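The next block holds one structure in the form of structure tokens; read it before the comments.
Nothing here was measured: the structure is a model prediction, and the numbers come from that model. FYI, side chains are in, hydrogens and waters are out, and symmetry mates aren't considered; it's all heavy atoms of this structure. Counting from 1, the numbers follow the sequence of the chain as shown.
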Amino acid sequence: MKYISIVVISLFFSSLVLAQGEGNNWYFGNYAGLSFSTDPPTVLNNGHLTTGEGCASVSGKDGVLTFYTNGQKVWDANHNVMPNGTGLLGSSSSTQSAVICPKPGTYNYGLKRYDGYFIVTIDYVSGPNGVRFTEVDMTLNGGLGDVVASNKNILLFGTTTIEGANVAKHANGCDFWIIGKEVGNNRFNVYQVTNTGVSTTPVTSNQGLVSSPTWGSIKVSPNSKIVCYNSNNQGTQVFDFDNATGLLTLKFSDTQGSYSSEFSPNNSVLYVSNLPSQNLYQYDLTAPNQAAFMASKLVVGVTTDNGSYDMC
């Protein structure tokens with residue numbers, strides 16, 4: 001059972017390119033939306049998405065909406081379900097039901113967006129569907145996009161999950177990495193994404209604590225050099241990420257259970273939420289050691305939400 005006091009928006013490759021427009025449009029919750037193309041943000045009432053937790057949106061570098069998803073359906077920029085855009089195997093009760101990864105080599109300079117994307121879906125903790133990916137071809141359906149039926153719900157790993165995965169930029173400046181975490185061990189699976197598609201043979205790292213099936217999330221720093229894994233049971237674990245090789249190395253940890261996290265734009269500060277606690281914590285990622293990292297922990301926000309929204 002999960003008590004949700006905040007909505008997690010799983011934007012593609014974390015906040016890596018938010019300043020360039022790709023993360024300007026958010027659709028989340030029950031028909032809720034925000035546009036960050038204005039200051040202050042503009043409320044969007046035109047979305048069709050409903051979800052209790054994870055969702056993802058992507059726009060072009062000019063801030064024009066491309067598509068959005070709750071991990072089960074995919075809506076185009078006109079808020080219509082894409083052809084083949086139903087039946088994805090994420091879950092409305094997964095912390096990160098979906099994250100979006102561009103397909104390398106498909107950037108369309110005229111439209112200022114990619115012509116190809118992969119949606120990574122993550123089932124809820126006890127669900128049977130594990131972590132999968134689905135391809136979206138934006139050249140189809142009059143440029144509004146189409147889910148590629150022959151490359152839909154392709155299994156990467158797992159049945160039960162930690163409800164999280166994310167995407168990092170490769171050191172070569174073109175490719176990407178999909179980062180996931182197995183349960184029952186301390187293994188991370190990292191899959192390279194190139195112009196030929198998603199490699200289903202992962203780079204593996206055995207780092208950190210053994211994970212039980214539980215809710216949590218994975219977040220990547222803006223520079224794609226740090227990965228944070230949040231877990232209700234295992235707490236917060238911070239890893240150095242070699243985005244040239246795909247390998248992770250444990251850097252810091254806190255045993256207090258956590259739900260989600262985010263990085264500061266300069267990669268030096270980590271923010272972590274805890275459920276059912278009402279606190280938002282801050283940590284110093286420039287700390288020289290584990291003791292200094294824990295000493296830097298501060299409560300920087302408190303919500304009045306008592307976690308009354310109940311997802312099972």
Donor-acceptor contact below 3.5 Å, side chain Ser261 vs main chain Val272 | no

Can you name the closest pair of heavy atoms from Ala98 and Thr69 and give their distance?
-> CB-CG2, 3.9 Å

Indicate the atoms forming the closest heavy-atom contact of Val220 with Phe263, along with that distance.
-> C-CE1, 3.6 Å

Hey, does the Lys NZ or Arg CZ of Lys251 hover above the aromatic six-ring of Phe239, less than 6.0 Å from the centre and inside 45° of the axis?
-> no

Strictly by modelled atom types, are Tyr283 and Asp254 linked by a side-chain donor-acceptor pair under 3.5 Å?
-> yes

Taking atom types as modelled, find out whether Glu53 and Tyr124 have a side-chain donor-acceptor pair closer than 3.5 angstrom.
-> no

Residues Ser217 and Thr95: closest non-hydrogen pair is CB-CG2, 3.9 Å

So side-chain hydrogen bond (donor to acceptor under 3.5 Å, both in side chains) across residues 174-183, not counting sequence neighbours, yields Asn172-Asp175, Asp175-Gln192, Lys181-Ser211, Glu182-Asn185, Glu182-Arg187, Glu182-Asn189

Can you list the other members of the hydrophobic cluster that holds Val269, where links are side-chain heavy atoms under 4.5 angstrom apart?
-> Tyr271, Leu280, Leu298, Val300

Between Ser258 and Asn230, a side-chain donor and acceptor under 3.5 Å | yes

Tell me yes or no: between the side chains of Asn274 and Asn279, is some donor less than 3.5 Å from an acceptor?
-> no

Between Ser93 and Ser91, do the side chains contain an N or O donor and an N or O acceptor separated by less than 3.5 Å?
-> no

Closest non-hydrogen contact found for Cys228 with Thr236 is SG-CG2, 3.6 Å

With ring centroids as reference points, do Trp75 and Phe67 lie under 6.0 angstrom apart?
-> no

Residue list, ring pair (Phe, Tyr, Trp, His ring centres under 6.0 Å) with Phe133, at least two apart or on another chain | Phe118

Residues clustered with Leu111, ILVMFWY side-chain links under 4.5 angstrom = none

Got a sec, which residues hit side-chain hydrogen bond (donor to acceptor under 3.5 Å, both in side chains) with Thr201, two or more places apart in sequence or on another chain?
-> none

Ala165 to Gly180 - nearest heavy-atom pair and separation = CB-CA, 4.5 Å

Check ring pair (Phe, Tyr, Trp, His ring centres under 6.0 Å) between Phe252 and all other residues, then give those that pass, not counting sequence neighbours.
-> Phe293

Side chains of Ser97 and Asn70: is there a donor and an acceptor less than 3.5 Å apart?
-> no

Modelled atom types, side-chain donor and acceptor of Tyr27 and Asn46, under 3.5 Å | yes

Hey, is the main chain of Asn233 close enough, under 3.5 Å, to the side chain of Ser231 for a donor-acceptor pair?
-> yes

Check whether any side-chain N or O of Asn141 sits under 3.5 Å from a backbone N or O of Gly143 as a donor-acceptor pair, and report yes or no.
-> no

Ignoring hydrogens and angles, state whether a donor on the side chain of Thr139 or Asp137 is under 3.5 Å from an acceptor on the partner side chain.
-> yes

Mind checking whether Tyr68 and His79 have ring centres under 6.0 Å apart?
-> yes

Nearest heavy atoms of Leu88 and Asn153, plus distance in Å = CA-OD1, 3.5 Å

